[in-house]
Amino acid sequence: MVKIAIDAMGGDFGPAPIIDGLLSALRKNRYFTAIAIGKKEEIEPLIPSNYLSRIEILDTRDVISMRDSATDALKRKESTIYVAIELVKNGKAQAVVSAGHSGASMSLATLRIGRIKGVTRPAIATIMPTS
């Protein structure tokens with residue numbers, strides 16, 4: 001089963017819309033679980049009890065804001081996005097999702113995880129071929 005690390009605090013409006021999106025995705029797809037990274041006391045009340053078996057909450061206090069520079073994220077090892085990317089790097093998750101600071105997410109992913117061989121520049125969003 002695929003495990004996805006979710007930066008639950010990265011969005012402009014706190015964790016509520018992020019968790020709403022996560023719950024919607026879990027309703028439609030039974031083939032993944034999630035690790036929601038952020039302030040447990042804010043995240044936990046947003047998750048219905050019947051989803052707690054599919055969502056692990058990793059309590060992390062620091063959040064990279066849009067006012068922070070992307071390079072600040074490299075130094076803040078307890079931030080939600082740093083922890084999420086480390087989960088992928090260490091094989092504890094297979095993907096990261098963040099609605100937060102794109103520059104911080106991209107910088108951390110590139111420097112901590114690295115690039116796919118043959119890919120010279122990372123993409124924020126790209127069209128994926130489908131059948």
Side-chain angles (χ1 to χ4, degrees):
M1 178 152 320
V2 173
K3 190 171 281 193
I4 301 174
I6 309 289
D7 176 3
M9 306 304 290
D12 292 335
F13 303 106
I18 308 291
I19 298 301
D20 282 347
L22 173 57
L23 293 171
S24 178
L26 286 168
R27 279 185 213 102
K28 294 176 183 173
N29 186 328
R30 298 193 179 275
Y31 302 106
F32 81 96
T33 60
I35 304 171
I37 299 112
K39 298 175 184 173
K40 186 173 185 171
E41 73 274 3
E42 292 183 36
I43 297 168
E44 196 167 43
L46 301 171
I47 302 172
S49 60
N50 58 319
Y51 283 92
L52 289 174
S53 65
R54 295 184 61 199
I55 303 171
E56 175 186 344
I57 301 171
L58 190 56
D59 192 32
T60 304
R61 318 304 301 162
D62 188 20
V63 179
I64 303 295
S65 78
M66 297 307 257
R67 292 180 299 277
D68 295 319
S69 75
T71 55
D72 285 345
L74 300 171
K75 302 171 200 158
R76 292 170 54 187
K77 296 181 180 183
E78 298 299 318
S79 70
T80 54
I81 189 59
Y82 195 106
V83 170
I85 286 172
E86 286 296 301
L87 289 170
V88 173
K89 180 182 178 197
N90 296 327
K92 295 179 181 171
Q94 288 74 50
V96 175
V97 173
S98 178
H101 194 306
S102 299
S105 299
M106 192 65 72
S107 297
L108 279 169
T110 302
L111 294 171
R112 301 298 302 152
I113 299 170
R115 294 188 185 116
I116 298 170
K117 186 176 181 176
V119 175
T120 57
R121 289 185 289 175
I124 291 178
T126 186
I127 297 174
M128 302 299 277
T130 61
S131 57

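Basis for what follows: all heavy atoms, side chains included, without hydrogens, waters or symmetry-related copies. All residue numbers refer to positions in the sequence shown, counting from 1. Nothing here was measured: the structure is a model prediction, and the numbers come from that model.
Ala16 meets the side chain to side chain contact (heavy atoms under 4.5 Å, CB included) test with Leu46; sequence neighbours excluded. Listed by chain and residue number, Arg27, Lys28 satisfy the side chain to side chain contact (heavy atoms under 4.5 Å, CB included) test with Ser24 (two or more places apart in sequence, or in another chain).
Val97 and Ile43 end up in the same hydrophobic cluster when Ile, Leu, Val, Met, Phe, Trp and Tyr side chains are linked at under 4.5 Å. Phe32 and Leu52 fall within the same hydrophobic cluster, defined by Ile, Leu, Val, Met, Phe, Trp and Tyr side-chain heavy atoms under 4.5 Å apart, directly or through other members. Transitive grouping of hydrophobic side chains (ILVMFWY, heavy atoms separated by less than 4.5 Å) brings Ile57 and Ile4 into a common cluster. Under a hydrophobic-cluster definition in which Ile, Leu, Val, Met, Phe, Trp and Tyr are linked whenever side-chain heavy atoms come within less than 4.5 Å, directly or via other members, Ile85 and Leu58 are assigned to different clusters. Cluster membership check: Ile6 does not share its hydrophobic cluster with Val88, using side-chain heavy-atom separations under 4.5 Å among Ile, Leu, Val, Met, Phe, Trp and Tyr.
Counting heavy atoms from C-beta on, the side chains of Asp72 and Leu74 never come closer than 4.5 Å. Counting only heavy atoms from C-beta outward, the side chains of Ile18 and Leu22 never approach each other to under 4.5 Å. The closest side-chain heavy-atom distance from Ile35 to Lys3 is below 4.5 Å. By the 4.5 Å heavy-atom criterion applied to side chains, Leu23 and Ile55 are counted as neighbours.
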task = Apply the test side-chain contact (heavy atoms from CB on, under 4.5 Å) to residues Ile37 and Met9: give CA-CA distance (whole Å), side-chain angles for both, the deciding distance (0.1 Å), then the verdict.
result = CA-CA 7 Å; Ile37 299 112; Met9 306 304 290; over 6 Å; no
For residues 100-111, please give each side-chain donor-acceptor pair under 3.5 Å, one per line with the distance, not counting sequence neighbours.
| residue | atom | partner | partner atom | Å |
| --- | --- | --- | --- | --- |
| His101 | ND1 | Gly103 | N | 3.3 |
| His101 | ND1 | Ala104 | N | 2.9 |
| His101 | NE2 | Asp68 | O | 2.9 |
| Ser105 | OG | His101 | O | 3.0 |
| Ser107 | OG | Gly103 | O | 2.8 |
| Thr110 | OG1 | Met106 | O | 2.8 |

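Within the 3.5 Å criterion, the main-chain N or O of Asp62 finds no donor-acceptor partner in the side chain of Glu78.
The hydrophobic cluster containing Val119, built from Ile/Leu/Val/Met/Phe/Trp/Tyr side-chain heavy atoms closer than 4.5 Å, also comprises Ile116.
Closest heavy-atom contact between Ala5 and Leu87: CB-CD1, 4.1 Å.
Applying the side-chain hydrogen bond (donor to acceptor under 3.5 Å, both in side chains) rule to pairs touching residues 29-41 yields Glu41-Arg61, sequence neighbours excluded. For the side-chain hydrogen bond (donor to acceptor under 3.5 Å, both in side chains) condition, the pairs that include at least one residue of residues 80-92, sequence neighbours left out, are Asp7-Thr80, Tyr82-Arg112, Glu86-Arg112.
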